[in-house]
Amino acid sequence: MKLATFNINGIKARIEALPRWLESARPDVVALQEIKSVDEAFPRDVFEDMGYRVETHGQKSFNGVALLSRLPLEDVTRGLPGDDSDEQARWIEATVIGEKRAVRLCGLYLPNGNPVSFDPEGAPEATGKYGYKLAWMERMRARAAELLATEDPVVLAGDYNIIPQPEDAARPETWVKDALFLPESRAAFRRIVNLGFTEAFRARVTGPGHYSFWDYQAGAWERNNGIRIDHLLLSPQAADLLRDVQIDRAVRGGEKPSDHVPVWIDLDA
DNA sequence: ATGGTGGACGATCCA
């Protein structure tokens with residue numbers, strides 16, 4: 001079972017690049033982020049004609065997540081529990097029915113959190129967009145703990161907007177006051193991982209130089225000034241099934257690319 | 001120190 005995460009930065013803008021990647025990579029399931037579309041406007045026919053069922057959780061202009069799957073999906077749910085007043089479309093879940101095993105897949109678009117304001121002591125203030133990010137991560141931690149308790153294989157796949165370690169940035173010193181790399185952000189990420197998840201990429205690959213995002217600005221791609229912020233977390237039962245993990249780096253060099261590239265895992269499921 | 005790019009939407013926000 002090949003499961004991927006891909007922040008496409010707008011489905012309308014990626015209506016050629018996304019099918020092109022699907023044809024070459026042939027994933028069974030893709031968790032998409034930043035579809036930037038309401039459900040009714042998502043071009044589902046394009047993907048249904050390729051054999052994918054389409055489940056969207058969109059909103060106007062910003063955010064929005066979706067699942068594309070060639071395997072049966074069951075029990076699709078939309079929205080991250082814990083705050084009924086949260087109207088941002090950043091979370092979708094489904095059970096993927098593999099040939100051998102069923103996997104609970106969560107597709108997530110974690111808030112960016114910038115800009116951050118700092119108090120006189122230099123500590124980040126948990127207000128505004130950064131406060132929303134930290135509160136959202138605590139809600140995600142609670143949902144992740146619930147899913148772990150099921151003892152089913154669980155995969156949390158998406159754009160985490162978290163640089164976990166200095167080696168996950170080409171120039172970590174430029175990120176020290178950024179919501180993606182602040183110690184408080186990284187600690188919140190570890191609180192989720194430390195519940196018992198395995199970060200798929202770091203289970204198989206060590207060392208610097210592996211990125212999933214390159215800014216459109218200032219020649220970041222040409223200079224390989226990237227960061228690794230797209231992750232797949234595996235419950236113990238899913239980690240047992242891990243066969244392979246890859247970052248499809250070359251996608252960033254294609255025609256009209258997203259600023260993110262796909263990251264995928266192969267599970268024996 | 002600044003501006004650098006791209007997407008969606010509708011003259012501005014978000015990343």
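Residue numbers begin at 1 in each chain, while the letters A, B, ... track the order of the sequences. No hydrogens, no waters, no symmetry mates; every other heavy atom, side chains included, goes into these values.
Electrostatic pairing of Asp86(A) and Arg139(A) counts as a salt bridge here, judged by a charged N lying under 4.0 Å from a carboxylate O.
Listed candidates were dC9(B), dT5(B), dG7(B). Nearest to the side chain of Ser61(A) is dC9(B). When distances run from any side-chain atom of Phe62(A) to the nucleotides dA15(B), dC13(B), dT5(B), the shortest one goes to dC13(B).
Where Pro111(A) and Ser37(A) each meet DNA chain B at their nearest nucleotide, the meeting point lying more 5' is that of Ser37(A). When each of Gln217(A) and Gln88(A) is assigned the nucleotide of DNA chain B with its nearest heavy atom, Gln217(A) is the one assigned upstream, toward the 5' end.
Comparing the C1' positions of dG10(B) and dC14(B) gives an interatomic distance of 15 Å, to the nearest angstrom. Taking the P atoms as reference points, dC9(B) lies 22 Å from dT5(B), given to the whole Å. Spacing of C1' atoms, dG3(B) relative to dA15(B), comes out at 16 Å, to the nearest Å. Nucleotides dT12(B) and dA1(B) place their C1' atoms 24 Å apart, quoted to the nearest Å.
Straight-line distance from the CD atom of Glu222(A) to the P atom of dG4(B): 16 Å, rounded to whole Å. Counting to the nearest Å, the P atom of dG6(B) and the CZ atom of Arg14(A) are 10 Å from each other. Distance, Asn112(A) CG to dG7(B) P: 18 Å, rounded to whole Å. Look at CD1 on Ile8(A): it is 12 Å from P on dG7(B), rounded to the nearest Å. Computed from coordinates, the Gln59(A) CD to dA8(B) C1' distance equals 12 Å when rounded to whole Å. Rounded to an integer number of Å, the gap from CZ of Arg223(A) to P of dG4(B) is 14 Å.
For dG6(B), neither phosphate oxygen OP1 nor OP2 lies less than 4.0 angstrom from any side-chain nitrogen or oxygen of Lys256(A). Considering only side-chain N and O atoms, Lys36(A) lies nowhere under 4.0 angstrom from the phosphate OP1 or OP2 of dA15(B). OP1 or OP2 of dG10(B) sits under 4.0 Å from a side-chain N or O of Lys60(A).
When the ring pair (Phe, Tyr, Trp, His ring centres under 6.0 Å) test is applied to Trp221(A), the partners found at least two apart in sequence or on another chain are Trp214(A).
Within 6.0 Å of CZ in Arg20(A) there are more than 12 heavy atoms belonging to other residues, nucleotides or ligands.
Ring centroid separation for the pair Phe201(A) and His210(A) comes in under the 6.0 Å cut-off.
Side-chain contact of Tyr130(A) with Ser185(A): a donor-acceptor pair under 3.5 Å is present, judged by distance alone.
Phe213(A) comes within 4.0 angstrom of no nucleic acid atom, judged by non-hydrogen atoms across all strands.
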